[in-house]
Asker: 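Before we start, here is the structure in question, set down as structure tokens.
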Amino acid sequence: MVRVRFAPSPTGYLHIGAARSALFNWLFARKMGGKFLLRIEDTDLQRSTEESTRSIIEGLEWLGLDYDEDLVFQSDNAEKHRAAARQLVEEGKAYRDFTPKEAREDRSVKQEIAERARAQAAEGIDQRSNPFRDLPQAESDARAGAGEPFAIRLKVSREGQSRFADIVYGEQERGYSEIEDLVLLRSDGHPLYNLSVVLDDIEMGITHVIRGQDHLTNTHKQILLYQAFGAKVPEFAHLPLILAPNKAKLSKRKHGEVVSLTTYRDRGFVPAAFRNFLALLGWSPPDGQEIMTREEMIERFSLEGIGRANSVFNFHENDPRHWTDDKALWMNAEYIRTMPLEELLPMVKTELRSAKLWREEYDDDESAWFEKTVELIRQRFFTLKDFSSQGRAYFSDDFDFDEAAVSKNLKKEPRLREWLPALAVRLGQVATFSAANVETALRQFADELGVKAGLFINAARTMLTGQAVGPSMFEVFEIMGRERSANRLRSGVPWFDAMEELGDV
RNA sequence: GGCGCAUUGGUGUAGUUGGUUAACACGCUGCCCUCUCAAGGCAGAGAUCACGGGUUCGAGUCCCGUAUGCGCUGCCA
């Protein structure tokens, strides 16, 4: 039975790279009829927060990735991890390192590592030689007993090769001489990442480790630990990274909220659409069908379909129309206009609620009207937010007029200010206020005045919706209804606003 | 510095065991449709498959080298 896990560390929000790892694990589990487990790696107590854990769980829920069995907190197992490290010392597979701990500045670690390596190479120092590695057990015990602080390091063979076959990246090889005696337990007794993951993965019975490629080279170290504990080594599948537009690693600090999963929820993404988009970053279905339901995705998914090259997640934070990846936006629009209406309705409801545009009548008396309206306007929306912004005029009389629309559709023909109320009267006489009847009446009215129908159509669009663009105008009339249509045609609000502005000058 | 991984149009990807004009999606351009904007339909621009060598009758596909990018190299995860 396949058992996989998603193991995020709760330091901040869930970013899209992690979300994709979760998705691939989930897809694989569902495909194989296995289990998808969730483990919170909160061993770094200083940086871990409960809020972050909550946001991760919420994010997974939003994406529709349900996990099996109980949530595991890595910190709960710390004592077991310590015991396991001590056991290794007893067995001679690890040793106590009494070297005093070096102070380290968190900011420049990477640089520091490189510099140290360079300096050591220059001086001909072998960084793998440790004076305590071969300290006699009795002496080691004595010093520990005397209360001298120590870290525990794994004793890595000097010679030989570590190898494993990664499902995505293929055969991996690394000489033991390249692997340092890694620290398992800090001198303050705190178990370290490599130790904890391996132990937890063993305990949880993980069969396939699917995670970011940034762990690829560390996998050799972990395999050493599996072997030290006499456990079966799982299969590994590393995922290519998701990069920022400048091809730099996606980072919470540098790229901010645009890489946070919650941003996509908050800015009006349909979960299924974002999940679909995410799945296509680094994986492609064998038949090339890109729009997939959850079931179709599970059916097509395979670890073999994952590519090896890092992908770029394109976004332009300063461009409101392309604030995130174009394809993600397109996919969201595609979902909004084609998904079953009954699935979209609750999402629109949530959006209108938060914009204070929701009325309970939409759930009973006016449910037919509501559905028809959503159906009409969903056709050209990109996010759920559009229902409360661009779609505001359908749900409230309090809406703004787009300046460009006003000058283009209204002010260009000053006589419209008198004609529009007249049109309101004419439309008021229509028997049934249907799209067809309104169209006939409007066209006839235009003919009588000797102007193009388009003049009234476009002017009405702006008067009724505040905008220059929108659905077929006669459909809009029907949706708005006789009374509202007439009121808005008569209101003269845009003209009034314009005069007021002039008065201010 | 060392080690590892990657490199197909702007972006995401396809390219089975090497074999004619490198495929799809998004984006872009034009046309059609039309009351606007989308959607849709049609047409199109855009890739000497990072570069340089080789192997071969023939390479995006195999080999070597170079460059670039990314990752790891920590008593972080």
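In what follows, every chain begins at residue 1, and chains take the letters A, B, ... in the order their sequences are listed. Note that these values count all heavy atoms, side chains included, but never hydrogens, waters or copies made by symmetry. Remember, it's a predicted structure, so these values are computed and weren't measured experimentally.
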Asker: Considering only atom C1', compute the distance from B/C75 to B/U11 and round it to an integer number of Å.
Answerer: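 One C1' to the other, the span is 42 Å.
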Asker: Given B/C26, B/C5, B/C70, which nucleotide is nearest the side-chain atoms of A/Tyr169?
Answerer: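 Closest of the options to the side chain of A/Tyr169: B/C5.
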Asker: Please report the distance separating the P of B/U8 from the corresponding atom of B/A43, rounded so that it comes out in whole Å.
Answerer: 29 Å
Asker: Counting heavy atoms from C-beta on, name the nucleotide in B/C26, B/C70, B/G12 closest to the side chain of A/Asn310.
Answerer: B/C70
Asker: Of A/Trp283 and A/Leu243, whose closest RNA chain B nucleotide lies nearer the 5' terminus?
Answerer: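 Taking each residue's closest nucleotide, the earlier one in sequence belongs to A/Trp283.
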Asker: Does A/Ala248 or A/Lys327 map to a spot on RNA chain B nearer the 5' end, using the closest nucleotide for each?
Answerer: A/Lys327
Asker: Tell me the interatomic distance from A/Leu239, atom CG, to B/G71, atom P, rounded to whole angstroms.
Answerer: 16 Å
Asker: Side chain of A/Val469: nearest nucleotide among B/U36, B/U11, B/C70?
Answerer: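 Of B/U36, B/U11, B/C70, B/U36 is nearest to the side chain of A/Val469.
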Asker: So, is A/Arg443 close to the B/C35 phosphate, meaning a side-chain N or O under 4.0 Å from OP1 or OP2?
Answerer: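 Yes, because at least one side-chain N or O of A/Arg443 sits under 4.0 Å from OP1 or OP2 of B/C35.
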Asker: What is the separation between atom CD1 on A/Ile457 and atom P on B/C37, rounded to the nearest whole Å?
Answerer: 13 Å
Asker: From B/G12, B/G4, B/A77, pick the nucleotide closest to the side chain of A/Gln74?
Answerer: B/A77
Asker: What's A/Asn218 touching, base or sugar-phosphate or nothing? Going by heavy atoms closer than 4.0 Å.
Answerer: base
Asker: State which of B/G12, B/C5, B/U11 makes the closest approach to the side chain of A/Gln213.
Answerer: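 My answer, after comparing the listed nucleotides, is B/C5.
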Asker: For a quick check of understanding: with a heavy-atom distance under 4.0 Å over all strands, which category does A/Glu41 fall into, base, sugar-phosphate or nothing?
Answerer: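 Sugar-phosphate contact only - A/Glu41 comes under 4.0 Å of backbone atoms but never of a base.
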Asker: Across the strands shown, which category fits A/Pro471 at heavy-atom distances under 4.0 angstrom: base, sugar-phosphate, nothing?
Answerer: base
Asker: Given atom CE of A/Met331 and atom C1' of B/A25, what is their separation to the nearest angstrom?
Answerer: 8 Å
Asker: Quick one: label A/Thr99 by what it contacts on the DNA or RNA (base, sugar-phosphate, nothing), any heavy atom closer than 4.0 Å.
Answerer: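 Base contact - A/Thr99 has a heavy atom under 4.0 Å of at least one base atom.
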Asker: Does any donor atom in the side chain of A/Asp42 or A/Ser48 lie under 3.5 Å from an acceptor atom in the other side chain?
Answerer: no
Asker: Return the minimal non-hydrogen interatomic distance between A/Pro240 and A/Gln213, and the atom names on each side.
Answerer: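 So the minimum-distance heavy-atom pair works out to CA-CB, 4.3 Å.
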Asker: Using a 4.0 Å heavy-atom cut-off across all strands, classify A/Ser472 as base, sugar-phosphate, or nothing.
Answerer: base
Asker: In whole Å, what separates the P atom of B/A39 from that of B/C26?
Answerer: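 Rounded to whole Å, the distance is 10 Å.
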Asker: Indicate, with a heavy-atom threshold strictly under 4.0 Å, whether A/Ser187 touches base, sugar-phosphate, or nothing.
Answerer: base
Asker: Is the gap between the ring centers of A/Tyr95 and A/Phe132 under 6.0 Å?
Answerer: no
Asker: Consider the side chain of A/Lys249, meaning its heavy atoms from C-beta on, and name the nucleotide among B/C76, B/C70, B/U36 that approaches it most closely.
Answerer: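 Shortest atom-to-atom distance from the side chain points to B/C70.
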Asker: Could you give the CD1-to-C1' distance, from A/Ile306 to B/A6, as a whole number of Å?
Answerer: 16 Å
Asker: Which whole-number value in Å describes the distance from A/Ile242 CD1 to B/A6 C1'?
Answerer: 16 Å
Asker: How many Å lie between CD on A/Glu173 and P on B/C72, as a whole number?
Answerer: 22 Å
Asker: Can you tell me how far P in B/A22 sits from the matching atom in B/A59, rounded to whole Å?
Answerer: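 It works out to 14 Å between them.
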Asker: Ignoring hydrogens, what is the shortest heavy-atom contact between A/Ser196 and A/Gln74? Give both atom names and the distance.
Answerer: CB-NE2, 3.4 Å
Asker: Base, sugar-phosphate or nothing for A/Tyr193? Non-hydrogen atoms, less than 4.0 Å.
Answerer: base
Asker: Which of parallel (below 30°), tilted (30 to 60°) and perpendicular (above 60°) describes A/Phe24 and A/Phe301?
Answerer: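 Rings of A/Phe24 and A/Phe301: tilted, as their planes differ by 30° to 60°.
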Asker: Under 4.0 Å between any heavy atoms, over every strand shown, what does A/Gly288 touch: base, sugar-phosphate, or nothing? Just pick one.
Answerer: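 No contact.
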Asker: Taking only the C1' atom of each, what is the distance from B/C57 to B/U20 in whole angstrom?
Answerer: 15 Å
Asker: Would A/Asp200 and A/Asn77 count as a side-chain hydrogen bond (donor to acceptor under 3.5 Å, both in side chains) if you check the C-alpha gap in whole Å, the side-chain angles of each, and the deciding distance to 0.1 Å?
Answerer: CA-CA 8 Å; A/Asp200 283 348; A/Asn77 301 330; 3.0 Å; yes
Asker: Quick one: label A/His238 by what it contacts on the DNA or RNA (base, sugar-phosphate, nothing), any heavy atom closer than 4.0 Å.
Answerer: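 Here A/His238 touches no strand at all.
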Asker: Just checking A/Lys101: base, sugar-phosphate only, or nothing, at a heavy-atom cut-off of under 4.0 Å?
Answerer: base
Asker: Select one nucleotide: of B/C70, B/A77, B/C35, the one nearest the side-chain heavy atoms of A/Phe474.
Answerer: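 My answer, after comparing the listed nucleotides, is B/C35.
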Asker: Examine the base of B/C37 for any acceptor or donor lying under 3.5 Å from a partner atom in the side chain of A/Arg380, and report the outcome as yes or no.
Answerer: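 By the distance-only test, yes, there is a pair.
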Asker: Assess the residue pair A/Gln289 and A/Arg300 against the criterion (side-chain hydrogen bond (donor to acceptor under 3.5 Å, both in side chains)); give the C-alpha distance rounded to whole Å, side-chain angles, the decisive distance to 0.1 Å, and a yes or no.
Answerer: CA-CA 10 Å; A/Gln289 184 189 321; A/Arg300 286 169 175 73; 2.8 Å; yes
Asker: At under 4.0 Å between heavy atoms, what does A/Gly170 touch on the DNA or RNA strands: base, sugar-phosphate, or nothing?
Answerer: nothing
Asker: Among B/A77, B/C26, B/G2, find the nucleotide with the atom closest to the side chain of A/His190.
Answerer: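 Nearest nucleotide to the side chain: B/A77.
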Asker: Under a cut-off of 3.5 Å for both distances of each Watson-Crick or G-U pair, what dot-bracket string does RNA chain B give, using [ ] for crossing pairs and | for inter-strand pairs?
Answerer: (((((((..((((.....[...)))).(((((.......))))).....(((((..]....))))))))))))....
Asker: Taking the cut-offs as 6.0 angstrom to the six-membered ring centre and 45 degrees off its axis, would you call A/Arg443 and A/Phe474 a cation-pi pair?
Answerer: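 Pair A/Arg443/A/Phe474 does not count as cation-pi.
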Asker: Is there a donor and acceptor pair, one atom on the side chain of A/Glu290 and one on the base of B/G12, closer than 3.5 Å?
Answerer: yes
Asker: When the P atoms of B/A6 and B/G65 are considered, how many whole Å apart are they?
Answerer: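 Roughly 14 Å separates the two P atoms.
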Asker: Between B/A45 and B/U29, how far is it from one P atom to the other, in whole Å?
Answerer: 15 Å
Asker: Classify the nucleic acid contact of A/Arg378 as base, sugar-phosphate or nothing, counting any heavy atom under 4.0 Å across all strands shown.
Answerer: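 Answer is nothing: A/Arg378 stays at 4.0 Å or more from every strand.
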Asker: What distance, rounded to whole Å, do you find between the two P atoms, one in B/C3 and one in B/U66?
Answerer: 11 Å
Asker: For B/C35, does the base pair up with any side-chain atom of A/Arg461 as donor and acceptor (N or O, under 3.5 Å, distance only)?
Answerer: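 Yes, the side chain and the base share a sub-3.5 Å donor-acceptor pair.
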Asker: Can you find a side chain N or O atom of A/Ser284 that sits less than 4.0 Å from OP1 or OP2 on B/A14?
Answerer: yes
Asker: Would you call the rings of A/Phe236 and A/His238 parallel, tilted or perpendicular if under 30° counts as parallel and over 60° as perpendicular?
Answerer: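 The arrangement is parallel - the two ring planes meet at less than 30°.
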Asker: Any luck finding a side-chain donor-acceptor pair between A/Asn276 and A/Tyr335 under 3.5 Å?
Answerer: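 The criterion, which ignores hydrogens and geometry beyond distance, is satisfied for A/Tyr335 and A/Asn276.
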Asker: Between P on B/C72 and CG on A/Leu216, what's the gap in Å once rounded to a whole number?
Answerer: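 After rounding, the reported distance stands at 11 Å.
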Asker: To the nearest Å, how far apart are A/Asp214 CG and B/A77 P?
Answerer: 14 Å
Asker: Counting any heavy atom closer than 4.0 Å, what does A/Ala468 reach on the DNA or RNA strands: base, sugar-phosphate only, or nothing?
Answerer: base
Asker: Quick one: label A/Pro10 by what it contacts on the DNA or RNA (base, sugar-phosphate, nothing), any heavy atom closer than 4.0 Å.
Answerer: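 No contact.
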Asker: Out of B/U73, B/A77, B/U11, which has the shortest distance to the side chain of A/Lys247?
Answerer: B/U11
Asker: Under the 6.0 Å and 45° cation-pi test, does A/Arg143 pair with A/Phe150?
Answerer: no
Asker: Planes under 30° and centres closer than 5.5 Å, is that true for A/His322 with the base of B/G27?
Answerer: no
Asker: Might you point out which heavy atoms bring A/Leu225 and A/Asn194 nearest each other, and give the distance in Å?
Answerer: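 For A/Leu225 and A/Asn194, the tightest heavy-atom pair comes out as CD1-O, 3.5 Å.
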